[in-house]
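What follows is a set of notes on a single structure, which appears directly below.
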Protein chains: 2
Amino acid sequence: MVVGMVKGSPAVSEPTYFILAALLDGPLHGHGIIKHVLGLSEGRVKLPVGTLYGALDRLAAKGLIAVEREEVVEGRPRRYFRLTDDGRALVTAEARRMQQAASVVTSRVLPGSAFT
Amino acid sequence: MVVGMVKGSPAVSEPTYFILAALLDGPLHGHGIIKHVLGLSEGRVKLPVGTLYGALDRLAAKGLIAVEREEVVEGRPRRYFRLTDDGRALVTAEARRMQQAASVVTSRVLPGSAFT
DNA sequence: GACCATACTTCGCCGCACGAAGTATGGTCA
DNA sequence: TGACCATACTTCGTGCGGCGAAGTATGGTC
């Protein structure tokens, strides 16, 4: 009975979440994603290549992203990925979930900011 | 203060995050945490026991939580855990990080709420 | 007496993050 | 020219952590 899968736990991890988020702004190739994620996360999330390409494979296998096109720029191959509708829906749902999760804590510990 | 760890990736996963969040309201024992987390997450996060006790061990080893006391209620042992200062600092930092991460997406896809 | 609920323990699998090394190409610079 | 670095992607191995499942113990229910 595999059916459910709903399960409640995060469908994607933080690195994966940011990959999807980066693609909201349009198709990007691997290294482009790394740089874009760095910007989106305000320098916090530096995707290691091993993480990136592993995640891209899994996301594509799940149909959350797809290969948009492949180019060769100055002899170097570039594979551009785009978000699918499923991917867009998922990253949006994740954002909402994170917002709710964050509020669980913020509403308790920092109604003002009495901390640190 | 172990907390540092900058690195970028999530210091804790979602189940672990909710365990810490549950303890913000005061010490709880294992099964009490499971129930409290279920409430905090609006029914979304159902902690499996395997996840719970494994996570509690790791959190205690890292000094993020500590054993408050042990009771025996009706012959059944209960071990109460409380949040340490480090644990409180970490869950607060995580909340902020999630909020920022969520906003990356929400500001792009649902400026109003034109979705689903 | 069988069975269920509470409470916690332990085991093992597997998915995933990620460091590291490898391949290929073009540009820089001494 | 040859050493070296940057871009771009591939592949591998390790290790951590989530989680299903089975196990132990006790008290209450029927």
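Letters A, B, ... mirror the listed sequences (proteins, then strands); counts begin at 1. Excluded from the calculations below are hydrogen atoms, water molecules and symmetry mates; all remaining heavy atoms, backbone and side chain alike, are included.
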Heavy-atom distance under 4.5 Å between the side chains of [X] and [Y], does that happen here?
X        : Y        : value
B:Glu94  : A:Val105 : no
B:Gln100 : A:Arg44  : yes
B:Phe81  : B:Val67  : yes

Look at the side-chain N and O atoms of A:Thr16 and state whether any lies under 4.0 Å from the OP1 or OP2 oxygen of C:dC16.
no
Would you please confirm or rule out a distance under 4.0 Å between OP1 or OP2 of C:dA17 and any side-chain N or O of A:Thr51?
no
Nucleotide [N], atom [atom2] - distance to [atom1] of [X] in whole Å:
X       : N      : atom1 : atom2 : answer
A:Leu47 : C:dC16 : CG    : P     : 15 Å
A:Ile34 : C:dG19 : CD1   : P     : 11 Å
A:Ile19 : C:dC18 : CD1   : P     : 10 Å
B:Ile33 : D:dC19 : CD1   : P     : 15 Å
A:Leu59 : C:dA17 : CG    : P     : 9 Å

Go along nucleotides 1-10 of chain D 5' to 3' and tag each nucleotide: B for a protein heavy atom under 4.0 Å from its base, S when only backbone or sugar atoms are that close, - otherwise.
------BBBB
For A:Gly63, is there any backbone N or O sitting under 3.5 Å from a side-chain donor or acceptor partner on A:Thr84?
yes
Using modelled atom types and a 3.5 Å cut-off, is there a donor and acceptor pairing between side-chain atoms of B:Thr51 and backbone atoms of B:Leu47?
no
For A:Gly54 and A:Glu74, take the nucleotide of DNA chain C holding the closest heavy atom to each; which residue's nucleotide lies nearer the 5' end?
A:Gly54
Which nucleotide sits closest to the side chain of A:Pro48: C:dC18, D:dG18, C:dA17?
C:dC18
Between B:Arg78 and B:Tyr80, a side-chain donor and acceptor under 3.5 Å
yes
Under 4.5 Å between side-chain heavy atoms, counting indirect links through other Ile/Leu/Val/Met/Phe/Trp/Tyr residues: same cluster for A:Val49 and A:Leu38 or not?
no
Which string of ( ) [ ] | and . matches DNA chain D, if you list each base 5' to 3' and count Watson-Crick or G-U pairs only when both distances are under 3.5 Å?
||||||||||||||||||||||||||||||
Spacing of A:Thr92 atom OG1 and A:Leu24 atom CG [to the nearest 0.5 Å]
6.5 Å
Ionic contact status for A:Glu74 with A:Arg76, cut-off 4.0 Å
yes
